[in-house]
Protein chains: 2
Amino acid sequence: MAERGRPRTFDRGEALHRAMLLFWEKGYQGTSMSELTAAMGINAPSLYACFGSKEALYRETMALYDDYEGGGFGAALAAAPDARAAIEAYLMGSARLFTRPGKPAGCMVVLSVIQAAGVSEEAACELRGARAEMSGLLEARLRAEAGKGALPASCDISAIASFYITVQQGMSIRARDGATRAELEAVAQGAMLAWDGLTRARA
Amino acid sequence: MAERGRPRTFDRGEALHRAMLLFWEKGYQGTSMSELTAAMGINAPSLYACFGSKEALYRETMALYDDYEGGGFGAALAAAPDARAAIEAYLMGSARLFTRPGKPAGCMVVLSVIQAAGVSEEAACELRGARAEMSGLLEARLRAEAGKGALPASCDISAIASFYITVQQGMSIRARDGATRAELEAVAQGAMLAWDGLTRARA
DNA sequence: CGATTTATTTATCGGTCGATACAGAAAGGT
DNA sequence: ACCTTTCTGTATCGACCGATAAATAAATCG
């Protein structure tokens, strides 16, 4: 059951990784085929044979990002001892992820709100889903805590999630604008100062 | 001292306004000349004669945005009775500005961090300056308050400004992703819950 | 009135975009 | 060996990009 035909001369995963870094940095429309083929070290026909199209490649790089770069948040949220620690880990982890030397600043999924202009409606939906998923993870973690009675039943879980998602997305922009890790960590700590107020029982 | 030559058949200000809406919505690279000329109701040579180039037009639309759309914040900050009210007005005003029916969602200046890919280094600097200016306005308002003794001298003014700027920029992304005005206003109120903690005197 | 100046329309420029046709090269199957 | 299959490099496709040259139209100036 060995492979038929001439074997590929490049590493598919490595090429995909390099494409991801480009799309992450410059967005979909902002990255040209010639930049892609140059960075991936292959010619256009090899790219099309291997990945299908520019958009299919983009979607695959986004999946790779979800799996390896933006990932780990689900586990971190679950591992935290309580909801407050989970949110803090989410923000502080984001501050670190958004400012890794040698990697584009900010979150590829968050920035795709703007950077994915030009992709098909189908792909845009997929991206919207990926962003909503993160929001869903946060809400789920908070609801789990509320279920344990650790949060007042009357507090607005989705509003809390919405607030911290917004802060994290703002951190993506700040990172792109040159903010340092220390600045983002200070922002994260600032956002945690709203925790008591947000989780206080409502009328 | 009347005008020489054939008079222009279109309203320059109106054409600029239409170009602004396009750039605001789709960014610099994402807006093509043919889209611009179609929306402005003129042919390409008229555009070049009147505005110089696509980039010069973009920069002029950004100036227009600064003056008429994003403006009013300086005055609002100054008019507020105290620093807390100023910050709250800034965030609540942003929530309103980012979700005006018939206008693109979010802030053109904030989104330019990502949407201005492709412009010259000179224009990019100008945009960075425009973003820093807003941050400077916030800091100045806070320092004025600290000078009056209404804020502890030990609290970190630039960190407070950085936090609220980050929230506001996050609101721009959320608006682009479809967030409603009510959601953004809730986020703004959430951010104000951090105020007491942020302005408490430090060790 | 011509002469000058400026704006408009039409047609098009060279360049780059994303995407492919084609022929040659390198593997397995028989 | 030969055929089939798959990948590779070259060379290029039509479409659109941002930007203009040239000819025409509409105003003021002398």
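Not measured: the values here are computed from a predicted model. Numbered from 1 within each chain, the chains take letters A, B, ... in sequence-line order. Only this structure's heavy atoms are used, side chains among them; waters, hydrogens and symmetry mates stay out.
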[X] vs [N]: side-chain N/O to OP1/OP2 distance below 4.0 Å:
X: A:Asn43; N: D:dT8; answer: no
X: A:Arg8; N: D:dC7; answer: yes
X: B:Thr9; N: C:dT8; answer: yes
X: A:Ser46; N: D:dT8; answer: yes

Nucleotide by nucleotide, 5' to 3', does protein get under 4.0 Å of the base (B), only the sugar-phosphate (S), or neither (-) in nucleotides 16-24 of chain C, counting heavy atoms?
-SSBBB--B

Can you sort out the partners of B:Arg12 under salt bridge (charged side-chain N to carboxylate O under 4.0 Å, His left out), two or more places apart, ordered by chain and number?
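Checked B:Arg12 against salt bridge (charged side-chain N to carboxylate O under 4.0 Å, His left out); matches are B:Glu60.
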
Just the rounded figure in Å: distance from [atom2] of [N] to [atom1] of [X].
X: B:Leu36; N: D:dC16; atom1: CG; atom2: P; value: 16 Å
X: B:Phe10; N: C:dA7; atom1: CZ; atom2: P; value: 8 Å
X: B:Phe51; N: C:dT8; atom1: CZ; atom2: P; value: 11 Å
X: A:Ile42; N: D:dT10; atom1: CD1; atom2: P; value: 14 Å
X: A:Met40; N: D:dC7; atom1: CE; atom2: P; value: 14 Å
X: B:Asp11; N: C:dA7; atom1: CG; atom2: C1'; value: 15 Å

Does anything in residues 102-121 of chain A pair up under ring pair (Phe, Tyr, Trp, His ring centres under 6.0 Å), and if so which pairs, sequence neighbours excluded?
none

For B:Glu183 and A:Ser162, which I'm curious about, is there any donor-acceptor pair between the side chains at under 3.5 Å?
no

Residue pair A:Gly118 / A:Gln29: nearest heavy atoms and the distance that separates them:
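Taking every non-hydrogen atom into account, CA-NE2, 3.7 Å.
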
Thinking salt bridges, do A:Glu88 and A:Arg84 make one under a 4.0 Å N-O criterion?
yes

Residue pair B:Gln168 / B:Leu138, side-chain heavy-atom distance below 4.5 Å:
no

